[in-house]
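Everything on this sheet refers to the single structure shown next.
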Amino acid sequence: MLTRFAPSPTGDLHLGHAYSAVLAHAAARAAGGKFLIRIDDIDGSRSREAYVGASLADLAWLGLDWDGEPLRQSARRGDYAAALDRLRARGLVYPCFCTRADIAASLSAPHGPSGAIYPGTCRDLAAAERERRMVAQPHCWRLDTAGAVALVGDLAWEEQGQGPRPADPLAHGDIVLARKDAPASYHLASTLDDAMLGVSHVIRGADLIAATDVHRLLQALLDLPTPVYRHHPLVCGADGQRLAKRDAAASLASLRAAGIDGRALAGDLLGQRLPTGYSLRMP
Ligand code: GLU
């Protein structure tokens, strides 16, 4: 059993992060396994170094210990690029020059689980035009999702305690695998890292169930093992909405400053006893 907690250093951790980290830690320790930390700092424009240290301090305050040094996604660019090259060599990704405004303006931009479904504008550009624009224009790289699904067929993953759950990558359309401003999207980086680290059980919030559709497809395309997944309910505030990084009152830093005992809080979260005003809900 090897689990991980993967904070993005873009804000303070809150009770929802604590719940996720406590579950993953407890699962690993109960099985005599390992608990790793991954720092999702691939987005250089939003990541702040101060939040890396603050997140690790919050986890230590909760009484969680982790194995080895935290893995930094920013140190893994070469592996992300190599995976993209493999997909490019098979004709499964293409450069996309569209701006957000271009996509929003498309009449046929319905929404899927990952936001607007890309209308496919750049999928069938002629090779010469593609080459010319790649030199001159910023571009991201998108997966030809239908082409990929045609290669690998139907996919499923094991949702812990619930058995197999079918994956529906087509619902996401042609997702971005490498961004204009970052060498890999969350989907590509997370899938590769979980495999490289040997994560056996991905324990994370149920807001990421749909992302697993995409991760399962990438595993099939890149010959990566499929972990068992456990998508847990989300911590919600008094308004019934899931917590966000801007909810300062629920931040672990403010709870710590208020004199709360972090280890006791971790034990309560594990027993699904939440502080007054908070509840656990499936989205
Ligand atoms: N950094 C991601 C997040 O905070 C991790 C998601 C995951 O566990 O895969 O949402």
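Owing to the predicted nature of the structure, the values given are computational and were not obtained by experimental measurement. Numbers for residues simply follow the sequence, beginning at 1. One-based numbering, in listed order, for ligands and for the atoms of each.
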Residue part near ligand 1, for [X], under 4.0 Å between non-hydrogen atoms:
X    : answer
L208 : side chain
H231 : neither
Y186 : side chain

- Note on the structure: Looking only at protein heavy atoms, what sits closest to atom 5 (C) of ligand 1 is A6 O, 3.3 Å
- Query: At what distance is the nearest protein heavy atom to atom 8 (O) of ligand 1, and which residue and atom is it?
  - Reply: R4 NH1, 2.5 Å
- Message: Let me check something: do M196 and L224 share a hydrophobic cluster, defined by ILVMFWY side-chain heavy atoms less than 4.5 Å apart, either directly or through other members?
- Response: no
- Message: For a quick check under 3.5 Å, do Y94 and D124 share a side-chain donor-acceptor pair by atom type?
- Response: no
- Pair S251, R256: side-chain N/O donor-acceptor within cut-off below 3.5 Å: no
- For Q219, the option from V152, L192, T226, D194 that meets side chain to side chain contact (heavy atoms under 4.5 Å, CB included): T226
- Task: Answer with yes or no after comparing the ring centroid distance for H232 and Y19 against a 6.0 Å cut-off, counting only values under it.
- Result: yes
- Note on the structure: Filtering I42, T10, D40 for the heavy atom nearest atom 1 (N) of ligand 1 leaves D40
Under a 4.0 angstrom heavy-atom cut-off, which atoms of ligand 1 come close to [X]?
X    : result
R204 : 7 (C), 8 (O), 9 (O)
S8   : 1 (N), 2 (C), 3 (C), 4 (O)
S190 : 9 (O)

- With a cut-off of under 6.0 Å to the ring centre and 45° to the axis, is R142 in cation-pi contact with Y118? yes
- Item | D247 side-chain N/O to A249 backbone N/O, donor-acceptor pair under 3.5 Å | no
